[in-house]
Amino acid sequence: MKQMYLLTFIFPVLWTAFATSLTAAERSEMSLAQAFERFFPIGMGIGPQDLNRPKVWQLVQHHCRQVTIENHLKPSLVQPAPGLWTFERGDELVKAARQAGLRVHGHTLLWHRQSPEWMVKDSDGRYLPAEVVLGHIRDHIQGVMGHYARDIHSWDVVNEVLADGPSPSDYRQSDWYQAAGFDYILTAFLAAAEAQPQALLFYNDYGLETEPKRSRALRLIERLRAAGARVDGIGIQAHLQIGSPPIEEIGESIRAFAAAGLKVHISELDVSVHPWRRVGSELLDEDRRYEEGLTHETEQRLAQRYADLFRLFMEHHQHIWAVTFWNTHDGRSWLNNFPVRSRVDHPLLFDRQLRPKQAFSAVIEVSAESP
Ligand code: GLA
């Protein structure tokens, strides 16, 4: 009770007084994990590149309470051929994280990308019978969750199974869906609950910040639950842009998912400084204006965007399970190659030299406010 009182009333006052009294230089030394301790854990998506660079690994340990393994637990990396389990790289990352006292979030048991073809097709490229595919899913999930049962207690069970944009079906028409329909998603959640009854089970996707995917996700969760599956949380990937989507939209999604009784993981947060302009379905690629660095104005806009986002997350902190950045620093971001190959982006809080950006200070300052 006393602890509760200290945490709710005394700590915020002391923290605000402390954080606002710091100079800019002192703020740049602060830890994100500490700054947001009273709201939610901070995480980052990591890979061997981060572990092998001592300065980056130090940054991860300083700023995070948890990590997501970016690639090395995905199906094609842990079971490239039937029964051939290749856990070595994943083990190294999990072990290093655990030794550093970091919680590890499992990503991902099933995905239409980075999954080996043998799970869904025969050697002539024909879909396997649904029952065979579902058997592969069960074996795979038991194998991976069993292997990491001691160290990983939360998993993205399936990733990105929903359709984008206008679509007659809620579901992505992936090989998995072609081969086994909705049952492949259901089987994955049932198998995960059976493999590790205590683990938190998440659905993870991009575009959940807006419609139509917000409602599609809610329908998916409802259908899974109606069929007897347990879904504990939802990963809003939050691959955002500097100008969109609007903060109110993102808030709308957090509230809708929370109302459905889901924990919300902001699971792959980054903010591209490039607008993604489309003509029809074509992405325009003329925005190579930040090759040498950000302009002062864009640096400030990015800081403002991050401040707005963290204010929103703080406002909903009771429902936010964790906020995970994708990835550690600007040089490591996938956005330097997506949606346009080798176009420089600056989507994170740390630049290529691992220096905290204005966006970092903005976020630290926000942490001192009352939600
Ligand atoms: C998706 C996946 C991640 C990662 C990113 C690109 O969001 O969920 O695992 O592959 O794409 O880096």
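In each ligand, atom 1 is the first atom listed, and ligand 1 is the first ligand listed. Keep in mind that what you see is a predicted model, and the values were worked out from it rather than measured.
In this model, a donor atom of one side chain and an acceptor atom of the other lie less than 3.5 Å apart for Glu268 and His239.
For Trp111, every heavy-atom contact with ligand 1 shorter than 4.0 Å involves the side chain, none the backbone. Residue contacts with ligand 1 for Glu268 involve side-chain atoms from C-beta outward but no N, CA, C or O (heavy atoms, distance under 4.0 Å).
At least one N or O atom of Asn159 sits closer than 3.5 Å to an N or O atom of ligand 1. For the pair Gln237 and ligand 1, the shortest N or O to N or O distance falls below 3.5 Å. Looking at Lys74 next to ligand 1, an N or O pair under 3.5 Å apart turns up.
Those atoms of ligand 1 that come under 4.0 Å of a heavy atom in His239, given as number and element, are 7 (O).
Looking at Lys357 and Glu299, no side-chain N of the basic residue comes within less than 4.0 Å of a carboxylate O on the acidic one, giving no salt bridge.
Both tests do not hold together for Lys263 against Phe202: distance to the six-membered ring centre under 6.0 Å, angle to the ring axis within 45°.
By the 30° and 60° cut-offs, the orientation of the rings of His63 relative to Phe350 is tilted.
For His107, the closest heavy-atom approach to ligand 1 falls below 4.0 Å. Within the 4.0 Å heavy-atom cutoff, Trp326 counts among the residues contacting ligand 1.
His319 contributes no side-chain N or O that, together with a main-chain N or O of Ala259, makes up a donor-acceptor pair within less than 3.5 Å.
Residues meeting the ring pair (Phe, Tyr, Trp, His ring centres under 6.0 Å) test with Phe39, sequence neighbours left out: His317.
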